[in-house]
There are 2 protein chains.
Amino acid sequence: MDAAERLITSTQELLWERGYVGTSPKAIQQRAGAGQGSMYHHFTGKPDLARAAIDRSATELRALAEEKFAGPGSAYDRIAAYLRRDRDVLRGCRVGRLTQDPDVVANPELREPLEETLSWLRGRISGLIAEGVAAGEFRPELVPDDVAAALVAVVQGGYVLARSADDPALFTRAVEGALTLLGGRR
Amino acid sequence: MDAAERLITSTQELLWERGYVGTSPKAIQQRAGAGQGSMYHHFTGKPDLARAAIDRSATELRALAEEKFAGPGSAYDRIAAYLRRDRDVLRGCRVGRLTQDPDVVANPELREPLEETLSWLRGRISGLIAEGVAAGEFRPELVPDDVAAALVAVVQGGYVLARSADDPALFTRAVEGALTLLGGRR
DNA sequence: GTCTATAAGCCGATAGAC
DNA sequence: GTCTATCGGCTTATAGAC
């Protein structure tokens, strides 16, 4: 693994753990085992490197989600598989957490991959809801885009609850509550 | 308003805007119009002042929520009133956002008010769900604690969605989706 | 109570040698 | 490509005068 690559993965880790404001070039360099010169040779600065790292994390997240969305079973089954997928809950969401970073949200270059990822997620789930409604699996009054937003929000908010109490079980509670509300094969 | 008071409210604002890691004593002092000496006279340091500010924000949040929970109408009505209450959505949650701050979560003194607040919120909503189930207003299979966690998560996650897209409407989508799923007076 | 002075170290970056 | 040197400014205090 070359230096540029190590810088990106180290930045991914630090952004996940400490956010953008809490991550310094120095910390990135130390974790990557690279010097100042190396970092500023490969990237124009902290925002440039962060963008590369966020893009990488976004791609990883989509792949993990798609694995469940494309799995077997009914629309409900696939949504449930996504919501219940193995997560290191107390670490939070590698993409969603950056939403709380003022310097990320204020910078269109850095916010773009966040918006794209969460938008894709909503769209993917919305399609499954529509599919389930058409199949008579879900109540017909469900508005796919709204329900999808609610489900994505439950995941993001589940992390918040879990971290506030230092207890992953609260994430599970929120997800199970949402699945009961969704109520498949009524 | 004396200096100690101005320091607390300034810290509340900055924690809300920039989080704990992103808020420096210097920035607090400038916003409060107070000097170094003043701040370190009234508080032992940044964590001490932050704790006072977080306690204050937590109290404010509970009061705003209780206003809706204690309002008129059925259980569904009161939950809907809470979920739909006026919010400056793009600012995020003054309490929930601190959950993403590694230095807050790592410090039991700072995490405590977060846990208490979100726990109280879940408990309050759980009680309303149980009330609604008993009244035949909600489906009997709803598990109050789980549904309450899901609804609190929708609010916290709604902020995430809205901030990711710089669009408050996504918060509204998530909340309306959740209310449809909850489906009062079935 | 509030002020100013001082501190060691980090922040994000640039410059130029190798 | 990577290294070291240097930069002005910020960080989180502490000390002591007023």
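Below, chain A is the first sequence line, B the second, and so on; all start at residue 1.
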Sequence neighbours left out, what passes salt bridge (Lys or Arg N to Asp or Glu O under 4.0 Å) with A/Arg62? Give chain and number order.
none
Contact state string [nucleotides 10-15 of chain C, B base, S sugar-phosphate only, - no protein heavy atom under 4.0 Å]:
SSSBB-
According to side-chain contact (heavy atoms from CB on, under 4.5 Å), who are the partners of B/Ala27, at least two apart in sequence or on a separate chain?
B/Leu14, B/Ser24
Residue pairs fulfilling salt bridge (Lys or Arg N to Asp or Glu O under 4.0 Å) with at least one residue in residues 142-165 of chain A, sequence neighbours excluded:
A/Asp146-B/Arg173
Does anything in residues 140-183 of chain B pair up under ring pair (Phe, Tyr, Trp, His ring centres under 6.0 Å), and if so which pairs, sequence neighbours excluded?
B/Tyr159-B/Phe171
Nucleotide range of DNA chain D contacted by chain B, 5' to 3', under 4.0 Å to a heavy atom?
D/dC10 to D/dT14
Ring pair (Phe, Tyr, Trp, His ring centres under 6.0 Å): which pairs involve residues 16-60 of chain B, sequence neighbours left out?
none
Under a 4.0 Å heavy-atom cut-off, which of residues 48-55 of chain B touch DNA chain C?
none
For B/Asp55, which residues count as a salt bridge (Lys or Arg N to Asp or Glu O under 4.0 Å) partner, sequence neighbours excluded?
B/Arg51
Would you please name every residue forming a side-chain hydrogen bond (donor to acceptor under 3.5 Å, both in side chains) with B/Gln36, sequence neighbours left out?
B/Gln29
Just wondering, are more than 12 heavy atoms of other shown residues or ligands nearer than 6.0 Å to CD in B/Glu109?
no
Who pairs with B/Arg94 by salt bridge (Lys or Arg N to Asp or Glu O under 4.0 Å), at least two apart in sequence or on another chain?
B/Glu60
Considering only Ile, Leu, Val, Met, Phe, Trp and Tyr, and joining two whenever side-chain heavy atoms are under 4.5 Å apart, list the other residues clustered with B/Leu90.
none
